[in-house]
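Throughout, protein chains are lettered first and strands after them, A, B, ... in sequence-line order, and every chain is numbered starting at 1.
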Amino acid sequence: MRFATWNVNSVKARLPRLLAWLDATKPDVLCLQETKVAADGFPSAEVAELGYETAAYGQGRWNGVALLSRIGLADIRNGFPGEPGYPDPEARAISATAGGIRFTSVYVPNGRTPDDPHYQYKLAWLAALRPVLAAEVAAGPAVVAGDFNVAPTDDDVWDPAVFVDSTHVTPAERAALAAIRDIGLTDIVARPMKGDHPFTYWDYRAGMFHKNLGMRIDLVLATPPVAGRVTDAVVDREARKGKGPSDHAPIVVDIDG
DNA sequence: ATGCCTCGCGCGGCGAGA
C-alpha cells in the first residue's frame, strides 16, 4: 500500500497539479490539508475520474481537510469529540478506515505568535486530540498524518536562531507533540530527495525553496504494526517545483501489504 | 535551473499562513 499526506494550500487552486500528481504517484490513500473549500465545493468528481472516493470536511475560506482513497473509505468522522474551537469548531481533522488502517488527516492550528490567543488554542487542540488518538491506537493499526505546525527538533528548521520566540519550536508545542507520539505512535521520518533535512515546507518568499531553507512540520505518525511495514518514505520535493505549487511538499509512504 | 509569495474574497486591499 502507498499512502501520502499533502497540505495543498487550496484544493481548487491546486487542482491541476493535484490531479497530475495523483495520476503519477498513485497513492492508495491521501490525507489532504488546507483544502479551503466546503465539502460541497470539493472537486470530488474530478478525483473520482482517477478512481478516488472522497471524504471532505471544510468550511470555506480557511482550513479544510479531506481523505482520498482508491481502496475504500469507511466510518468517516469529521472532527473529534471534545475538539476545541476558535471559538467555533473548525475543519481541522477527518478520519476514516481504509485498507484496515485508521487514517486521520490533521491540520493543527498555526498558533501565530506565542502571546496570541491562537497559540493557546493550538496547545488546547493538541491536548484534546491526544486521548482521541490514544483510543484509536488501542483499537488497531492507525496513521495520523498532516500539517502539525510543530518542528519536532531544532534540526527540523533551517536555522534555529531565526525561530527564537516563534511558534512551531516552543517547548510547550514540542511537549504537546511528544505527548501524542508517546501514546504509541512512531514518527516516520521521510528521506529528503535532496540535502540532509527532510523539510516539508518552504516559504514562498525570497527564494526559500531553491535555497532549501525549510521546515519539517508535516508529519506521518503510525502505530508499530504499520511503522514496521514501511519500505520507503520520501518527501516529494518535485511537487514543490515549478509554477503554482503549494508551499508544502507531499510525504509519500510505502508499506508492505 | 527548483527562482525571489500566494490564497480567498471580491474588485481594493487585507487577513492569514509559518
Side-chain angles (χ1 to χ4, degrees), chain A residues 5-18 20-21 24 32-43 56 58-66 85-86 88 90-92 106-123 125-126 146-170 172-174 176-177 192-219 234-250:
Chain A
T5 182
W6 194 5
N7 177 324
V8 286
N9 186 16
S10 171
V11 73
K12 286 183 180 174
R14 217 64 58 214
L15 187 59
R17 291 186 69 122
L18 173 63
W21 185 86
L32 289 169
Q33 302 87 36
E34 276 208 90
T35 55
K36 295 185 175 177
V37 285
D40 62 3
F42 195 96
Q59 58 190 152
R61 186 170 187 179
W62 288 305
N63 313 313
V65 285
Y86 193 72
D88 299 316
E90 300 180 311
R92 295 186 175 275
V106 298
Y107 176 48
V108 175
N110 174 285
R112 298 178 190 165
T113 61
D115 59 354
D116 193 296
H118 207 261
Y119 177 81
Q120 294 304 322
Y121 168 50
K122 178 181 195 174
L123 295 178
W125 198 91
L126 285 166
D147 180 357
F148 281 77
N149 272 319
V150 179
T153 73
D154 280 353
D155 214 33
D156 296 314
V157 296
W158 58 273
D159 181 0
V162 172
F163 291 87
V164 171
D165 297 326
S166 298
T167 55
H168 296 66
V169 302
T170 65
E173 289 164 277
R174 287 176 170 168
L177 176 62
M193 282 183 167
K194 179 184 175 184
D196 298 329
H197 300 270
F199 295 143
T200 62
Y201 162 86
W202 300 262
D203 197 294
Y204 283 123
R205 292 166 287 191
M208 298 288 272
F209 175 66
H210 61 261
K211 298 173 191 167
N212 198 27
L213 304 181
M215 306 171 75
R216 186 174 82 95
I217 53 174
D218 299 86
L219 306 176
V234 63
V235 180
D236 183 6
R237 72 191 306 283
E238 294 296 317
R240 181 63 177 79
K241 295 181 180 178
K243 183 176 172 57
S246 170
D247 43 2
H248 295 250

Tell me every residue that passes side chain to side chain donor-acceptor pair (under 3.5 Å) with [X], counting only those two or more places apart in sequence or in another chain.
{"X": "A:Glu90", "value": "A:Arg92, A:Tyr121"}
{"X": "A:Thr170", "value": "A:Tyr119, A:Glu173"}
{"X": "A:Ser166", "value": "none"}
{"X": "A:Ser246", "value": "none"}

Applying side-chain contact (heavy atoms from CB on, under 4.5 Å), name anything that partners [X], two or more places apart in sequence or on another chain.
{"X": "A:Ala66", "result": "A:Leu32, A:Thr35, A:Phe42, A:Ala56"}
{"X": "A:Asp40", "result": "A:Ala38"}
{"X": "A:Asp203", "result": "A:Tyr201, A:Arg205, A:Met208"}
{"X": "A:Ala249", "result": "A:Trp202, A:Val235, A:Arg240"}

In whole Å, what is the span from the [atom1] atom of [X] to the [atom2] atom of [N]?
{"X": "A:Arg237", "N": "B:dG3", "atom1": "CZ", "atom2": "P", "result": "10 Å"}
{"X": "A:Phe148", "N": "B:dG17", "atom1": "CZ", "atom2": "P", "result": "18 Å"}
{"X": "A:His248", "N": "B:dA16", "atom1": "NE2", "atom2": "P", "result": "17 Å"}
{"X": "A:Phe199", "N": "B:dA18", "atom1": "CZ", "atom2": "P", "result": "16 Å"}
{"X": "A:Asp247", "N": "B:dG8", "atom1": "CG", "atom2": "P", "result": "12 Å"}
{"X": "A:Lys12", "N": "B:dG10", "atom1": "NZ", "atom2": "C1'", "result": "13 Å"}
{"X": "A:Glu34", "N": "B:dC7", "atom1": "CD", "atom2": "P", "result": "12 Å"}

Identify whether any heavy atom of [X] sits under 4.0 Å from a base atom; if not, whether one sits that close to sugar-phosphate; answer base, sugar-phosphate or nothing.
{"X": "A:Tyr107", "result": "sugar-phosphate"}
{"X": "A:Asp147", "result": "sugar-phosphate"}
{"X": "A:Asn63", "result": "nothing"}

_Rounded C1' spacing from B:dG15 to B:dG3 in Å_ =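 Here B:dG15 and B:dG3 have their C1' atoms 27 Å from each other.
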
_Whole-Å P distance, B:dG10 and B:dT6_ =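 After rounding to an integer number of Å, I get 22 Å for this pair.
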
*asked:* Give me the atom names and distance for the closest heavy-atom approach of A:His168 to A:Asn110.
replied: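 So the minimum-distance heavy-atom pair works out to CE1-O, 3.5 Å.
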
*Can you name the nearest heavy-atom pair linking A:Asn7 to A:Gln33, along with the distance?*
N-OE1, 3.3 Å

Taking only N and O in the side chain of [X], is any of them less than 4.0 Å away from OP1 or OP2 of [N]?
{"X": "A:His118", "N": "B:dA16", "result": "no"}
{"X": "A:Arg14", "N": "B:dC7", "result": "yes"}
{"X": "A:Asn110", "N": "B:dA18", "result": "yes"}
{"X": "A:Thr167", "N": "B:dA18", "result": "no"}

_Of residues 149-162 of chain A, the positions that come close to DNA chain B - non-hydrogen atoms, cut-off under 4.0 Å_ =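 Of all residues in residues 149-162 of chain A, the ones placing a heavy atom under 4.0 Å from DNA chain B are A:Asn149.
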
*Enumerate the residues from residues 201-215 of chain A whose closest heavy atom to DNA chain B is under 4.0 Å, giving them by residue number; use none for an empty result.*
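Only A:Tyr201, A:Tyr204, A:Arg205, A:Ala206, A:Gly207, A:Phe209, A:His210, A:Met215 qualify.
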
At a cut-off of 3.5 Å, list every protein nitrogen or oxygen paired with a nitrogen or oxygen from nucleotides 11-15 of chain B, distance to 0.1 Å.
none

*Taking the nucleotide of DNA chain B with the closest heavy atom to each, which residue, A:Arg240 or A:Phe163, is nearer the 5' end?*
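On the 5' side of the pair lies A:Arg240.
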
*Taking only residues two or more places apart in sequence or in another chain, which ones pass salt bridge (Lys or Arg N to Asp or Glu O under 4.0 Å) with A:Arg216?*
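With sequence neighbours excluded, A:Arg216 shows a salt bridge (Lys or Arg N to Asp or Glu O under 4.0 Å) to A:Asp156, A:Asp187, given in chain and number order.
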
